[in-house]
Amino acid sequence: MIGNDIIAILEQIAATASRNDKEAILAKHARDPLLRRVLTYAYDPFRTYGLKKLPKVAKRGEGQKFIGDEGPIWAVFDALAGGVRGAKAEKLVSDWLTLLDGDNATLFERILLKDLRCGISEKTINGVIPGLVPNFACMLAHKFQAKRIKRWPVRADIKEDGFRVLGFVQIGRTGADGTIYDEKVGFFSRSGKPYTTMDHLKAPLLEAVKKLCADWQSGHFASDIDTRYVRHTNATLDGLRVVVESEVVSNDSFAETSSALRKKDGVAEGASMLVFDVVPMSLFDGDDQSNPDLGDYKVRHRLVAELIKRVPVGAKIQHMPSYLCGSEEELMALYERVRARGKEGIIVKPLDGIYERKRSYSWLKIKAEETVDLVVKGAYEGEGKYQGMLGGLLCDFEGVEVRVGGGYSDEERKEFWRLYQHDLKAAEAWGCVGEPLLLGTLVEVEYHETTPDGSLRHPRFVRRRLDKPVADGPGAGIELEAA
DNA sequence: TACCGACAGTGGGGTCGCAAT
DNA sequence: ATTGCGACCC
DNA sequence: CACTATCGGTA
């Protein structure tokens, strides 16, 4: 196949809204090497190209093409993925854009933007061609709904406002089949990106896991641990290859933690690792999202406790506090207590819950939601499927401009954009906004919390408040943004 | 038949590194 | 030194 | 992180 064929396939996939049809088209061409390479280069999250806006060039009608899955063009992607940036990168891209013909240039652009624009992504692709696109997944929570709780009591873990860190810990050992497993520890984010600022926690964590496994295999405390889990951990290497699930916080502030963890050549000295789960690493090896044989949360919670007991003194590795709750009332009372202690909220987990490598209704998060009414100061257009309608509203929050870009229905995006255009025209015609339809009106905005800069974290539109008078009178304080 | 779970695709504040200015 | 962009975290 | 829209399997 050549690039033109790939574009034709992408058009076919884009043309149908049916997910089954998209999958069928993918399946039909699943063996084509060019398609496979295109899908991988576009959707592998570990390949980034450093360009979100592509250089404009005068395209030729006829020119170079993608031919099969080989050729010099792939070196361009590899160079960008390898870190080539700036003018050098821009020249590479614009040179190729002038060489490629129309379809092939389009394909080139879509891969670089990491969006083939046909309504498929890593999940659908891997569903049809298992393992084609590299990915990483860990367990995540849904918003709390009481009806999701099937049995009481539940365990409520504290939810810290920090960073999810998964520690992959492997103890050096020769396996039954002779495979040699190195001794190593790696820290990763919830999307599988490595953290480099917590190397000082590797040795103590490794030490704790080693002791845990030694005591485990000597039958030290295994008698009261779920037999399924013991069988797995003793009969396989899983006990020596574990993933330690934690939240890392530093200096009691999300911004501080963010700064400490992102520094390129830094050590997050103040970082505390709050461990809330331990899972056999084998669960992360294959495509399976879960394995009921790997123990329920009762077992894993106990394992975390045993692990933490074996952490060398002084190392900032602790057990995330958690509490048993027997009713919804107890949950809410606990939530209020932890909020009063400055924590973000709680994560509710069933005692018999298995670890699932996906967003699961088994974990339910409760966190703060605040509401405020804001004056609309401006608006901006959306992108992609929201072109020609509202992208978001510019709102005033105590003198700080907050962009509110989510929460609208598609109908509201169209309507608000119309109203905004009307207000702009009126202002142009009369030099002022006479009776504005959108500008100067109130909208209710929900958010998580205020930020240190005085803005809103996670702002989203709830509804208009035309029923409520604007504090300073209708249309007060309107300034149209400069063109 | 009506509901709901999984996906895709929009959008936010804030932090860093890097390249251009 | 400052600014803007891209990648990531939430 | 937050949200909405859609398809298609389930209840």
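Lettering follows sequence order; numbering is per chain, from 1. Values in this document were obtained by computation on a predicted structure and should not be read as measured data.
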Check: With a 4.0 Å cut-off on heavy atoms, is A:Y408 in touch with a base, just the backbone sugar-phosphate, or nothing at all?
Finding: sugar-phosphate
Note to self: Using a heavy-atom cut-off of 4.0 Å across all strands, would you classify A:K143 as base, sugar-phosphate, or nothing?
What the structure shows: sugar-phosphate
Check: For the pair made of CD in A:E23 and P in D:dT6, what is the distance, rounded to whole Å?
Finding: 19 Å
Notebook entry, point to check: Quick check: does any side chain N or O of A:T106 sit under 3.5 Å from a backbone N or O of A:G102, one acting as donor and the other as acceptor?
Noted result: yes
Margin query: Counting the atoms with a prime plus P, OP1 and OP2 as sugar-phosphate, which does A:K159 contact under 4.0 Å by heavy atoms, base, sugar-phosphate, or nothing?
Written below: nothing
Margin query: Is there, by distance only and without an angle test, a donor paired with an acceptor across the side chain of A:R262 and the base of C:dC8 below 3.5 Å?
Written below: yes
Margin query: Counting the atoms with a prime plus P, OP1 and OP2 as sugar-phosphate, which does A:K114 contact under 4.0 Å by heavy atoms, base, sugar-phosphate, or nothing?
Written below: nothing
Next item on the list: Could you work out the separation of D:dC1 and C:dA7 based on their C1' atoms and round it to a whole Å?
Entry: 15 Å
Next item on the list: Provide, to the nearest angstrom, the distance between the CG atom belonging to A:L456 and the C1' atom belonging to B:dG11.
Entry: 15 Å
Margin query: Classify A:F461 by what it touches in the nucleic acid, base, sugar-phosphate, or nothing, heavy-atom distance under 4.0 Å.
Written below: nothing
Margin query: If we ignore hydrogens and angles and just use 3.5 Å, is the side chain of A:R413 paired with the main-chain N or O of A:G391 as donor and acceptor?
Written below: yes
Checklist line | Distance-only polar pair, side chains of A:Y355 and A:R357, donor-acceptor under 3.5 Å | finding: no
Margin query: Can you identify which nucleotide, out of B:dA6, C:dC9, B:dG17, has its nearest atom closest to the A:K264 side chain?
Written below: B:dG17
Check: Base, sugar-phosphate, or nothing for A:F397, non-hydrogen atoms under 4.0 angstrom?
Finding: nothing
Next item on the list: Give one of base, sugar-phosphate or nothing for A:R164, where a contact means two heavy atoms less than 4.0 Å apart.
Entry: sugar-phosphate
Checklist line | Sugar-phosphate only, base, or nothing, as touched by A:R117 at under 4.0 Å among non-hydrogen atoms | finding: sugar-phosphate
Notebook entry, point to check: Atom CG of A:L393 and atom P of B:dG12: how far apart are they, to the nearest Å?
Noted result: 11 Å
